[in-house]
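The structure appears right after this line, and notes come after that.
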Amino acid sequence: MSVLVILLALGLLFWMTLNKWSPFLALLAATLLIGLLNGMPVPELMRAMEKGVGSMLGSMALILCLGAMQGKVLEKTGAATVISRYHMDRFGRSGIQWAVLLMGLLVGIPLFYNAGFVILVPFVFTIAASAKVPLLYVAIPMASALSVTHGFLPPHPGPVSLASIFSASIGKTMLYGLLVTVPLVWIAGIEFGKRFRQFGTIPLMEDKNDQEQLLPSVRSSMVVALLPVLLIALPALLVNFVPAESKLLLFTQAIGDPVLAMLIAALAAGYFLCIRRGVSVQVLMQYYGAAIEGIAVIMMVIAGGGALKQVLTDTGIAAQVADFFTQYAFPPLIAGWLVAASIRIIIGSATVAGITAAGILAPLVVSSGVSPEWMVLSVGAGSVFCSHVNDTGFWMFKEYYGLTVKETLLSWTIMESIISVLGLLLILLLSNFI
């Protein structure tokens with residue numbers, strides 16, 4: 001009965017997604033269906049949904065909003081452009097794949113996927129034209145870097161929400177995610193991208209416009225972009241080398257708290273990239289306000305995922321699924337990947353797939369004793385598997401680069417699947433040593 005209820009809920013999610021319903025409303029509808037089919041009284045069902053939304057957003061709303069504020073300042077002040085040009089100048093034409101890859105990583109960490117993609121697309125065209133290489137040869141490394149940061153690294157909504165559901169340390173999740181990221185982007189971005197060295201047309205060089213805004217310095221742009229990563233990951237790294245009572249460790253743990261780290265990063269971005277360069281406080285507040293408006297839809301999707309998780313828990317379905325995997329000695333990390341990948345193929349949205357899978361499998365983390373941080377990453381890996389025609393990322397990649405559906409399947413979809421499958425293999429390997 002529990003399996004049937006989950007399948008019906010997923011079917012409703014799929015139908016609503018296919019018909020362009022809001023993911024937030026689709027998640028709420030699926031949650032209501034699960035609760036009602038399991039005989040929950042309506043008042044009890046409403047309380048469970050409210051509790052799920054509150055517990056989810058209560059632990060992560062500040063992180064997401066502050067992260068969006070930092071990213072918006074990087075975007076509006078041209079700091080992301082500075083980072084991109086710097087890497088292109090340093091690597092030159094012979095290393096353009098690595099240049100674009102690092103652009104994607106540095107821009108992708110503080111910015112959400114869609115924003116980072118739109119910012120970097122013009123550079124992909126410019127770099128491909130100046131180096132006289134096909135677009136996909138440059139586009140694949142950039143897209144792989146953005147996809148990996150989107151699926152594996154806080155403060156992106158998916159990893160942050162999974163960390164909340166699994167009660168994982170965001171610092172450790174970021175540190176482990178960085179370990180997985182390096183080989184992933186090399187294979188999915190550089191090595192896979194090389195197969196497009198002779199594929200497709202070479203774009204024409206466009207005339208440059210010299211009337212550009214005064215951009216910030218490379219140093220300030222880089223420091224601000226990487227600040228949250230450094231602040232959050234540093235205490236997780238030092239804890240293995242510094243005595244527990246050390247003042248240095250206590251200090252880094254204090255400023256490495258995800259909320260405080262993101263607040264410091266957002267304020268640093270505002271000061272060094274705006275106020276110090278003559279941008280008024282009023283304009284800066286407009287940037288911050290626009291950032292919060294932009295993240296509102298994503299936060300509502302995550303809130304819907306919180307409601308779903310709570311109803312799955314209160315009805316006992318999540319515990320039954322966990323018992324199934326435990327009974328058959330199914331490795332939790334593989335179970336997390338399989339469930340997330342299955343939902344991703346059906347639904348399309350990586351964030352919805354990850355949150356839904358986490359809600360189903362949350363009790364498995366407790367009962368199995370698996371590291372919650374590695375569980376976050378395994379579900380994150382599954383959530384990016386096999387992006388196809390029901391995913392907005394698929395269509396963005398296709399339309400921006402002028403590809404056919406077949407070409408997009410042979411490039412974007414395969415790249416996403418490499419990230420997902422290889423990510424799982426790396427997680428299984430590294431989790432045995434850390």
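Just so we're clear, the structure is a prediction, and the values are computed from it rather than from any experiment.
- Every residue two or more places apart in sequence or in another chain that forms a salt bridge (Lys or Arg N to Asp or Glu O under 4.0 Å) with Glu416 is listed here: Arg344.
- Minimum interatomic distance between Thr315 and Gly35 (heavy atoms only, all atoms of both residues): CG2-CA, 4.5 Å.
- Atom CD1 of Ile255 sits about 5.0 Å away from atom CG of Leu231, to the nearest 0.5 Å.
- Minimum interatomic distance between Leu153 and Gly177 (heavy atoms only, all atoms of both residues): CD2-C, 3.6 Å.
- For Tyr86, the side chain to side chain donor-acceptor pair (under 3.5 Å) test picks out Arg90, with sequence neighbours left out.
- Not counting sequence neighbours, Lys51 has no partner by the salt bridge (Lys or Arg N to Asp or Glu O under 4.0 Å) test.
- Of the inter-residue distances, the one linking Ile34 atom CD1 with Met40 atom CE reads 10.5 Å to the nearest 0.5 angstrom.
- Listed by chain and residue number, Ser220 satisfy the side chain to side chain donor-acceptor pair (under 3.5 Å) test with Ser217 (two or more places apart in sequence, or in another chain).
- Side-chain contact between Leu333 and Met375: present, with at least one pair of heavy atoms (C-beta onward) separated by less than 4.5 Å.
- Phe192 pairs by the ring-ring contact (aromatic ring centres under 6.0 Å, His included) definition with Phe196, not counting sequence neighbours.
- Although no hydrogens or angles enter the test, the distance criterion places a donor-acceptor pair under 3.5 Å between the side chain of Thr149 and the main chain of Ala145.
- Across all their heavy atoms, Leu66 and Val259 have their closest contact at CD1-O, 3.6 Å.
- Residues in residues 365-385 take part in these ring-ring contact (aromatic ring centres under 6.0 Å, His included) pairs, two or more places apart or across chains: Tyr176-Trp374, Trp337-Phe385.
- Rounding to the nearest 0.5 Å gives a distance of 11.5 Å between CG of Leu430 and OG of Ser371.
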Side chain to side chain contact (heavy atoms under 4.5 Å, CB included), that's the test. Do Phe394 and Val405 meet it? Break it down for me. CA-CA 9 Å; Phe394 177 94; Val405 170; 4.1 Å; yes
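- Side-chain contact annotation: Gln310 with Asp314, donor-acceptor N/O pair under 3.5 Å present.
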Derivation and outcome, side chain to side chain contact (heavy atoms under 4.5 Å, CB included), residues Leu284 and Tyr288: CA-CA 6 Å; Leu284 175 59; Tyr288 285 161; 3.7 Å; yes
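- Annotation: side chain of Phe397 is in contact with side chain of Ile140 (closest heavy-atom distance under 4.5 Å).
- The side chain to side chain donor-acceptor pair (under 3.5 Å) check on Trp186 picks up Glu191, with sequence neighbours excluded.
- Here the side chains of Ile83 and Val218 are not in contact, with every heavy-atom distance at 4.5 Å or above.
- Of the possible donor and acceptor atoms, one in the side chain of Ser383 sits under 3.5 Å from a partner among the backbone N and O of Gly380.
- The distance from atom CG of Leu260 to atom CE of Met262, rounded to the nearest 0.5 Å, is 11.0 Å.
- A heavy-atom distance below 4.5 Å is not found between the side chains of Phe152 and Val376.
- Remark: side-chain polar atoms of Ser144 are not paired, donor with acceptor, to backbone N or O of Ala188 under 3.5 angstrom.
- Counting only distance, with no hydrogens or angles, the side chain of Thr252 and the backbone of Leu234 share no donor-acceptor pair below 3.5 Å.
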Evaluation steps, side chain to side chain contact (heavy atoms under 4.5 Å, CB included), between Leu409 and Ile414: CA-CA 7 Å; Leu409 288 169; Ile414 292 177; over 6 Å; no
Using a 3.5 Å cut-off and no angle test, enumerate the donor-acceptor pairs between side-chain atoms of residues 97-106 and protein atoms at least two apart in sequence or in another chain.
residue : atom : partner : partner atom : Å
Gln97   : NE2  : Tyr137  : O            : 3.2

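- The shortest distance between side-chain heavy atoms of Met69 and Ile295 does not fall below 4.5 Å.
- Met46 has its side chain within reach of Leu32: a pair of non-hydrogen atoms, C-beta onward, lies under 4.5 Å apart.
- The salt bridge (Lys or Arg N to Asp or Glu O under 4.0 Å) search around Glu293 returns none, not counting sequence neighbours.
- The two atoms that bring Leu57 and Ala303 nearest to each other are CD1-CB, 3.8 Å, heavy atoms only.
- Looking only at distances, no side-chain donor or acceptor of Asp257 sits under 3.5 Å from a matching main-chain atom of Gln253.
- In this structure, Met142 and Phe117 have side chains that are in contact, with non-hydrogen atoms separated by less than 4.5 Å.
- One distance of note links CE of Met299 with CD1 of Ile302; it measures 7.5 Å at 0.5 Å rounding.
- The aromatic rings of Trp21 and Trp15 sit tilted, their planes meeting at an angle between 30° and 60°.
- Side-chain atoms of Leu74 and Leu273, non-hydrogen and from C-beta on, do get closer than 4.5 Å to each other.
- Contacts of Lys72 classified as salt bridge (Lys or Arg N to Asp or Glu O under 4.0 Å), with partners at least two apart in sequence or in another chain: Glu75.
- Across Pro228 and Gln70, no two heavy atoms sit closer than the pair CD-NE2, 3.3 Å.
- In this structure, Cys386 SG and Ile345 CD1 are separated by 5.0 Å, a value rounded to the nearest 0.5 Å.
- Residues satisfying the ring-ring contact (aromatic ring centres under 6.0 Å, His included) criterion with Phe24, sequence neighbours excluded, are absent altogether.
- Between Leu184 and Ile418, the shortest heavy-atom distance links the atoms CD2-O, 4.4 Å.
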Quick one: side chains of residues 352-365, donor-acceptor pairs under 3.5 Å with protein atoms, not counting sequence neighbours, listed by atom name and distance.
residue : atom : partner : partner atom : Å
Thr356  : OG1  : Val352  : O            : 2.7

Could you walk me through whether Leu64 and His156 pass side chain to side chain contact (heavy atoms under 4.5 Å, CB included), step by step? CA-CA 7 Å; Leu64 293 179; His156 284 269; over 6 Å; no
